[in-house]
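Structure first, commentary second.
Being a predicted model, the structure only gives us computed values, none of them experimental.
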Number of protein chains: 2
Amino acid sequence: MSTAQVTIKDLARQLNISVSTVSRALRNAPDINPGTKNAVLKLAAELSYEPNVMAQGLVKKKTKIIGVVVPAIHSNYFSDALSGMTEVANAYDYHLMFCQSNEDAGQEIRSIKKLLACHVDGLLISVSKDTKNTAEFEKVKQLGVPVVMFDRTLPDFTCSKVIVDEYEGAFKAVEHLIRKGCKRIAHLAGPVNASVSANRMKGYIDALAKYGLPVNDKLILRCNAFEEDALPAIKKIIASRPMPDGIFFINDLSAISAIQYMQKKGINVPGDIKVAGFNDDPVSAVIQPSLTTVMQPSYEVGKLAIGILIDAILKPESPEQTISLRTKLVIRDSTK
Amino acid sequence: MSTAQVTIKDLARQLNISVSTVSRALRNAPDINPGTKNAVLKLAAELSYEPNVMAQGLVKKKTKIIGVVVPAIHSNYFSDALSGMTEVANAYDYHLMFCQSNEDAGQEIRSIKKLLACHVDGLLISVSKDTKNTAEFEKVKQLGVPVVMFDRTLPDFTCSKVIVDEYEGAFKAVEHLIRKGCKRIAHLAGPVNASVSANRMKGYIDALAKYGLPVNDKLILRCNAFEEDALPAIKKIIASRPMPDGIFFINDLSAISAIQYMQKKGINVPGDIKVAGFNDDPVSAVIQPSLTTVMQPSYEVGKLAIGILIDAILKPESPEQTISLRTKLVIRDSTK
DNA sequence: CCAATTACCGGAAACGTTACCGGTAACGTT
DNA sequence: AACGTTACCGGTAACGTTTCCGGTAATTGG
């Protein structure tokens, strides 16, 4: 509090002009003498005047703040998306306010309320894995605050959405396994209530179907949480007879942990069993054998999502759209 | 804009009382009849009134927003710290505004200015790896905005700081290698201008010294960027004769990539060479052999940093402090 | 029963900015 | 010479709160 913030009034007083003239000079308004405008701009720079965004927000009813809610920032996917968002936000002079739902629908609602209280101009949301109720989102919409959902969306709620085509990613991965000669392909699926699990599972099933391979329920196992405790499921898969010759994993970490386990058991990857993951974690390029996996364009997802949102903020009547980005199959040694 | 935001005036009008009374009722102010207070609270709940933070901020000169600047959100360390911050921020009803410097000092300054323009109540910063100039931070201080640095700090700038004792972490890791019988321990160091590199290197050197082992410059190699291209350095280390019997890595990813490379070359880990990393990435528990590594309490760092900052915001005369958190050595198979 | 205190409430100013309206000069136009 | 136009500027209200000051009615004390 030592140095008080310099205001538009200070500038007006020092230049012996009115506040409205100063205000006009500061934005690029008409009805202002270029001379006085320059004088104001000069003094403003000298005193390093910064407009008070709260005062501006109060009268303009815009904060230039965008609220972001993700299930967990601790995730390559979401942190990449967030990076993309910051880039675009900087370019358009928007600010990002950030909340985390911890995969909890209640916390998610509290976060949204919190952001709404801050009068964010728009909302960027990736819903938690057991969010079902759309009531809160409808309220946001009624308030006139535009919403864009990314990655994890809510089918029952209509708004602009940016997603990645996980179905196609899974399909491509399994198709790749098939083309490499696998005939008996297992799948380690994710938590049952996450939409990602269902999408990837469907890709797995449809790929099998396309190539006339049977879908065997015994070859489909689940882990209850992401990145955790996939080992029991893996052991079960390995133990099944006849042994599978390929496995498609819900994510890279479980794939890696499986590869390590199989190597210990004397099973050769990719010789005996070929393995594909999902996510393209940094470590996947580094392990031995390097892991074939599905890369998601999460950075792009973030950029696109915030781009659409800013459009919607600037012109509220712009139509809602759903954009689906394609994954990229990264082929490495684990399917050689 | 369909439904206009309900304001304190609306409440006043509907209850036939004045705005000041409503205002008194909403905070827990004295000089108010419990009956009218309840009536206001009830109506506020019904209409789901939310105070306009901008108007509040304008008169109270507080925004309840805390600005955060990190080098890269895409990093287990910083995303964990951010998680910790969100938890405390929620508890104290603060909001987090987020910027990324991308390890660029210029971008860092722009981020700070941006945050300052938003009139954040305080700043949480982890500086980029080539930030040297303290001028910008001094300006922040003069503006009366409290600053807390975490993890990556600036020695020449005095403010509250929360760091982890990487020196001791490195020391413990190398000491552990020595106790496991290693006599010729190599070190893969990080980028030369990052303080983390220097701290961990010093721990490495001092541990060697404590046990009377010579420090051999040929056994100290550098990688220029984190998590990238450690392989050439690793090859050089392995090729040195006599071969080292232990390696301490700047981070887990390079350690893992080294282990994989060594296994391909027929070198047994931990039989021939024992390996320790730094960070405790999730994958480190999962690979074969599992990786001994130094765990940093990044979540705690985030919680502590924001806690200190909020203290400083609430009572501006609270003394500056530096807290150093201890790491935890996670012993796994790579040093067995 | 009167004065003093208390409990409660309303009015108005202020925070920093923008938006609107109006006014004064100077400058053409016919 | 009278009028309309243009260029520029100031005053004021408003945005939604809080804070301070003052005022009225009820309550208390002697």
(request) Would you confirm whether A:Glu108, through its side chain, and A:Ser128, through its main-chain N or O, come within 3.5 Å as a donor-acceptor pair? (result) yes
(message) Distance to the ring centre below 6.0 angstrom and angle to the axis at most 45 degrees; does that hold for B:Lys141 and B:Phe157?
(response) yes
(message) When you compare the side chain of A:Asn76 with that of A:Ser298, does any pair of heavy atoms fall below 4.5 Å?
(response) no
(request) Mind calculating the distance between CZ (A:Arg27) and P (C:dG16) to the nearest angstrom? (result) 17 Å
(message) Is any side-chain heavy atom of B:Ile17 closer than 4.5 Å to one of B:Val40?
(response) yes
(message) Any salt bridge linking B:Arg152 with B:Glu103? Criterion: basic side-chain nitrogen under 4.0 Å from a carboxylate oxygen.
(response) yes
(message) Heavy atoms only, 4.0 Å cut-off, all strands: where does A:Pro30 land among base, sugar-phosphate and nothing?
(response) nothing
(request) Rounded off to whole Å, could you give me the NZ-to-P distance for the A:Lys37 and D:dA7 pair? (result) 15 Å
(request) Rounded off to whole Å, could you give me the CE-to-C1' distance for the A:Met54 and D:dT18 pair? (result) 13 Å
(message) So B:Asp151 and B:Ile163, do their side chains get closer than 4.5 Å, heavy atoms only?
(response) no
Listing time: all N or O pairs from protein to nucleotides 11-15 of chain D that are below 3.5 Å?
from: D:dG11; atom 1: N7; to: A:Ser20; atom 2: OG; distance (Å): 3.3
from: D:dG11; atom 1: O6; to: A:Ser20; atom 2: OG; distance (Å): 3.2
from: D:dC15; atom 1: O3'; to: A:Lys61; atom 2: NZ; distance (Å): 3.3

(request) To the nearest Å, give me how far apart CD1 (A:Ile17) and P (C:dT17) are. (result) 14 Å
(request) Rounded off to whole Å, could you give me the CD-to-C1' distance for the B:Gln56 and C:dG16 pair? (result) 16 Å
(request) Please state how far atom NZ in A:Lys62 lies from atom P in D:dG16, giving the value in whole angstrom units. (result) 15 Å
(message) Donor-acceptor check, side chain of B:Asp80 to backbone of B:Tyr77, threshold 3.5 angstrom: yes or no?
(response) no
(request) Starting at atom CD1 of A:Ile32, determine the distance to atom C1' of D:dA7, rounded to an integer number of angstrom. (result) 11 Å
(request) Evaluate the ring planes of B:Phe150 and B:Phe78, with Trp represented by its six-membered ring, and classify them as parallel (under 30°), tilted (30 to 60°) or perpendicular (over 60°). (result) perpendicular
(message) With a 3.5 Å distance limit and no angle check, can you tell me whether A:Asn90 reaches the backbone of A:Glu87 through a side-chain donor-acceptor pair?
(response) no
(message) Need to verify one output field. Residue with the more 5' nearest nucleotide on DNA chain C, A:Ser23 or A:Asp31?
(response) A:Ser23
(request) Determine the stems involving DNA chain C; a stem requires 3 or more consecutive pairs of the Watson-Crick or G-U wobble kind, each with both distances below 3.5 Å, and the answer is none if no such run exists. (result) C:1-30 with D:1-30
(request) Using atom CG of A:Asp10 as one end and atom C1' of C:dT17 as the other, report the distance to the nearest whole Å. (result) 13 Å
